[in-house]
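First up is the structure itself, then whatever we jot down about it.
Throughout, numbering of the chain's residues begins at 1 and tracks the sequence.
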Amino acid sequence: MSTRFELLAADGRARRGRVHTAHGTFETPAFMPVGTAGTVKAMTADAVRSTGAEIVLANTYHLMLRPGAERVAQLGGLHRLMD
């Protein structure tokens, strides 16, 4: 499945939409916590879930530096690593 954007509403240049990805769907605009090196600093996975965030951004550059793609794969992928 490719990523797809569905426009829900527009007001001038402002847009509201829904993004469909292989891993799920989220609506925009959205609160997106940023996970550097696989963690949202100072928060447990349950605490991140309790914010109501539908998506967490992962910093690929930092993940490639440490722990690296091979290690992420060994740990079961990014979702398992972060949880």
Side-chain angles (χ1 to χ4, degrees):
M1 172 188 200
S2 62
T3 301
R4 181 173 59 88
F5 179 77
E6 173 186 355
L7 182 64
L8 299 176
D11 184 3
R13 294 180 67 184
R15 303 286 183 269
R16 176 164 161 66
R18 187 173 293 129
V19 180
H20 302 271
T21 73
H23 295 284
T25 301
F26 65 95
E27 293 194 2
T28 65
F31 167 65
M32 296 182 199
V34 177
T36 299
T39 65
V40 176
K41 300 300 181 216
M43 295 186 80
T44 64
D46 287 333
V48 174
R49 281 186 199 95
S50 73
T51 67
E54 297 177 302
I55 186 171
V56 175
L57 297 179
N59 189 316
T60 307
Y61 175 76
H62 290 116
L63 286 166
M64 291 303 293
L65 290 177
R66 187 188 68 231
E70 296 81 20
R71 185 73 170 153
V72 171
Q74 288 172 350
L75 295 169
L78 184 59
H79 291 106
R80 286 222 167 154
L81 170 71
M82 291 183 78
D83 201 20

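Grouped by direct or indirect side-chain proximity (heavy atoms under 4.5 Å, Ile/Leu/Val/Met/Phe/Trp/Tyr only), M64 sits alone.
Among residues two or more places apart in sequence or in another chain, the side chain to side chain donor-acceptor pair (under 3.5 Å) test is passed with T25 by H20. For the salt bridge (Lys or Arg N to Asp or Glu O under 4.0 Å) test, residues two or more places apart in sequence or in another chain that qualify with D46 are R49. Residues satisfying the side chain to side chain donor-acceptor pair (under 3.5 Å) criterion with T28, sequence neighbours excluded, are absent altogether.
With contacts defined as side-chain heavy-atom distances shorter than 4.5 Å, the pair I55/V19 does not qualify.
Residue pairs meeting the salt bridge (charged side-chain N to carboxylate O under 4.0 Å, His left out) criterion with at least one partner in residues 19-38, sequence neighbours excluded, are R16-E27, R18-E27. Applying the salt bridge (charged side-chain N to carboxylate O under 4.0 Å, His left out) test to every pair with at least one member in residues 64-78, sequence neighbours left out, gives no pairs at all. Residue pairs satisfying the side-chain hydrogen bond (donor to acceptor under 3.5 Å, both in side chains) criterion with at least one member in residues 51-61, sequence neighbours excluded, are listed as follows: N59-H62.
In this structure, V40 is not a member of the same hydrophobic cluster as M32, with clusters built from ILVMFWY side-chain heavy atoms closer than 4.5 Å. Linking ILVMFWY side-chain heavy atoms closer than 4.5 Å, directly or via other members, places M82 and L57 in two distinct hydrophobic clusters.
When all heavy atoms of A37 and L63 are compared, the closest pair comes out as C-CD2, 3.6 Å. Across every non-hydrogen atom of A58 and L78, the tightest pair is CB-CD2, 3.6 Å. The two residues G35 and V56 come nearest to each other via the heavy atoms N-CG1, 4.0 Å. For the pair L81 and G38, the tightest heavy-atom approach, listed with the atom from each and the gap, is CD2-CA, 4.5 Å.
Although no hydrogens or angles enter the test, the distance criterion places no donor-acceptor pair under 3.5 Å between the side chain of R13 and the main chain of A10.
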